[in-house]
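Worksheet: one structure, shown below.
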Amino acid sequence: MEVPFRNTEFDVNLSILFTELPLLARPAAAAAAGFTKVELWWPWPDDPEPPEAELAALRDALGAARTRLTALNFYAGRLPGPDRGAASVPGEESARFRANVDVAAGFAASVGCRALNALYGNRVDGVAPGVQDALALENLAYAARAADRVGAILLIEALNAAESPSYPLTDAASAVEIVDKVDAATGLGNARLLLDLYHVAMGGADEREVVDRYAGRAGHVQIADVPGRGAPGTGALDFADLFSRLDAAGYDGPVGLEYRADGPSANAFGWLAGR
């Protein structure tokens with residue numbers, strides 16, 4: 001099914017598409033499919049500080065494919081998996097997040113990436129929410145300062161409660177509240193909303209109203225259809241309308257394709273009419 005697309009570029013999330021290939025082969029595969037921009041979750045979920053050789057190899061793969069990394073997650077624990085970030089998780093996970101901040105920011109700077117996403121983290125049994133929130137603000141401010149040093153923005157993402165019941169930021173309003181708190185703490189003004197329309201719709205909100213209200217606060221947008229997290233046209237969302245609303249709100253950044261392919265990833269882009 002073809003869906004008219006907006007007059008901007010899309011980027012491919014290489015942590016959910018082309019995962020049938022080794023990490024270092026994915027930028028070239030995205031380029032072969034016609035994309036010049038890609039994004040990634042933190043590619044080493046068990047290692048916030050991978051060896052320089054591994055960072056260099058990914059940097060070289062992106063460069064050889066002539067693909068630009070537009071967004072990168074900070075260390076977020078086991079993702080995909082049970083974790084949803086580390087910024088608010090006390091103990092070892094918080095320490096791993098902080099150890100990763102300069103590594104991720106440095107890598108982003110080396111490849112021209114200007115957006116770094118910090119997932120908040122799940123609630124932890126036996127820890128007061130206020131304790132986690134205070135830790136998150138401290139860590140997110142730390143990350144925002146590191147991002148600012150390399151000319152990047154810090155993204156804060158809301159997920160959906162159906163799939164992430166222990167994650168406290170489950171709508172755009174709650175994520176924007178954290179954006180404002182981080183900006184107030186740092187005075188930098190470089191925190192932004194990561195507006196993921198899949199999570200918006202899965203959370204039961206009217207995605208049109210959310211775009212109209214919050215797209216102006218967005219530093220990055222991601223999409224997948226609902227239900228199923230497939231490509232546009234496989235579910236119920238009206239992407240032609242949503243893209244028009246993003247245009248009207250003045251959003252002019254890339255739209256991240258963060259959906260699952262039904263079959264080989266190279267065949268997952270037929271919905272891009274006229275591309």
Side-chain angles (χ1 to χ4, degrees), residues 1-19 30 33-35 37-39 41 70-71 73 79-80 84 115 117 119 155-165 167 169-176 192-275:
M1 176 179 182
E2 292 185 345
V3 178
F5 64 91
R6 53 197 290 271
N7 187 28
T8 192
E9 288 188 272
F10 296 87
D11 71 66
V12 180
N13 188 305
L14 297 182
S15 297
I16 194 168
L17 285 161
F18 295 108
T19 55
F35 295 92
K37 296 180 179 180
V38 298
E39 62 181 65
W41 303 340
T70 60
N73 280 15
L79 185 72
R84 297 294 186 270
N117 183 35
L119 286 167
L155 298 171
I156 306 295
E157 182 176 9
L159 305 180
N160 72 81
E163 296 174 319
S164 302
Y167 191 83
L169 309 183
T170 56
D171 55 38
S174 61
V176 167
R192 300 283 189 278
L193 170 69
L194 196 167
L195 182 57
D196 187 318
L197 298 181
Y198 169 77
H199 288 300
V200 169
M202 280 293 293
D206 185 320
E207 61 276 3
R208 298 162 298 180
E209 292 181 2
V210 172
V211 169
D212 292 347
R213 183 170 182 180
Y214 291 108
R217 305 295 306 274
H220 190 53
V221 172
Q222 293 174 330
I223 62 169
D225 216 336
V226 173
R229 199 168 186 168
T234 63
L237 298 188
D238 184 348
F239 283 97
D241 178 60
L242 292 172
F243 294 156
S244 294
R245 290 172 184 272
L246 287 167
D247 283 338
Y251 179 76
D252 59 0
V255 171
L257 306 183
E258 199 183 46
Y259 57 77
R260 297 187 182 97
D262 182 15
S265 295
N267 299 334
F269 309 109
W271 63 276
L272 284 165
R275 197 178 197 286

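Separation of atoms OG (S15) and CD (E258) is listed at 8.0 Å; rounding is to 0.5 Å. Rounded to the nearest 0.5 angstrom, L159 CG and T170 OG1 are separated by 9.0 Å. Between atom CG of residue L193 and atom CD1 of residue I156 there is a gap of 9.0 Å, rounded to the nearest 0.5 Å. Taken from OH in Y167 to OG in S174, the straight-line distance is 8.5 Å, to the nearest 0.5 Å. Taking CG of L194 as the start and CG of L155 as the end, the distance is 5.0 Å to the nearest 0.5 Å. Atom-to-atom distance recorded for L195:CG and Y251:OH is 8.5 Å, nearest 0.5 angstrom.
The two atoms that bring L14 and A30 nearest to each other are CD2-CB, 4.1 Å, heavy atoms only. The minimum heavy-atom distance between S164 and R84, with the atom names listed, is OG-NE, 2.8 Å. For the residue pair F18 and A266, the shortest heavy atom distance occurs at CE2-N, 3.7 Å. Of all the heavy atoms in A205 and V210, the pair that sits closest is CB-CG2, 4.0 Å. Minimum interatomic distance between A224 and L237 (heavy atoms only, all atoms of both residues): O-CD1, 3.7 Å. Smallest separation of non-hydrogen atoms from R260 and G228: NH1-O, 4.0 Å.
No option in N13, I223, V38 other than I223 meets the side-chain contact (heavy atoms from CB on, under 4.5 Å) test with L257.
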How far apart are the C-alpha atoms of D225 and R229, what are their side-chain angles, what is the distance that settles it, and do they pass the salt bridge (charged side-chain N to carboxylate O under 4.0 Å, His left out) test? CA-CA 5 Å; D225 216 336; R229 199 168 186 168; over 6 Å; no
Apply ring-ring contact (aromatic ring centres under 6.0 Å, His included) to the pair F35 and F269, showing each step before the final yes or no. CA-CA 10 Å; F35 295 92; F269 309 109; 4.8 Å; yes
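Residues meeting the salt bridge (charged side-chain N to carboxylate O under 4.0 Å, His left out) test with D262, sequence neighbours left out: none. Residues meeting the side chain to side chain donor-acceptor pair (under 3.5 Å) test with E163, sequence neighbours left out: N160, Y198.
Between the side chain of S265 and the main chain of A261, no donor-acceptor pair closer than 3.5 Å is present. Side chain of T234 to backbone of A231: a donor-acceptor contact under 3.5 angstrom is found.
Using cut-offs of 30° and 60° on the angle between ring planes, the pair W271 and Y259 is perpendicular.
In this structure, a donor-acceptor pair under 3.5 Å is absent between the side chains of H220 and E157.
Within the 4.5 Å cutoff, no side-chain heavy atoms of V255 are placed close to those of Q222.
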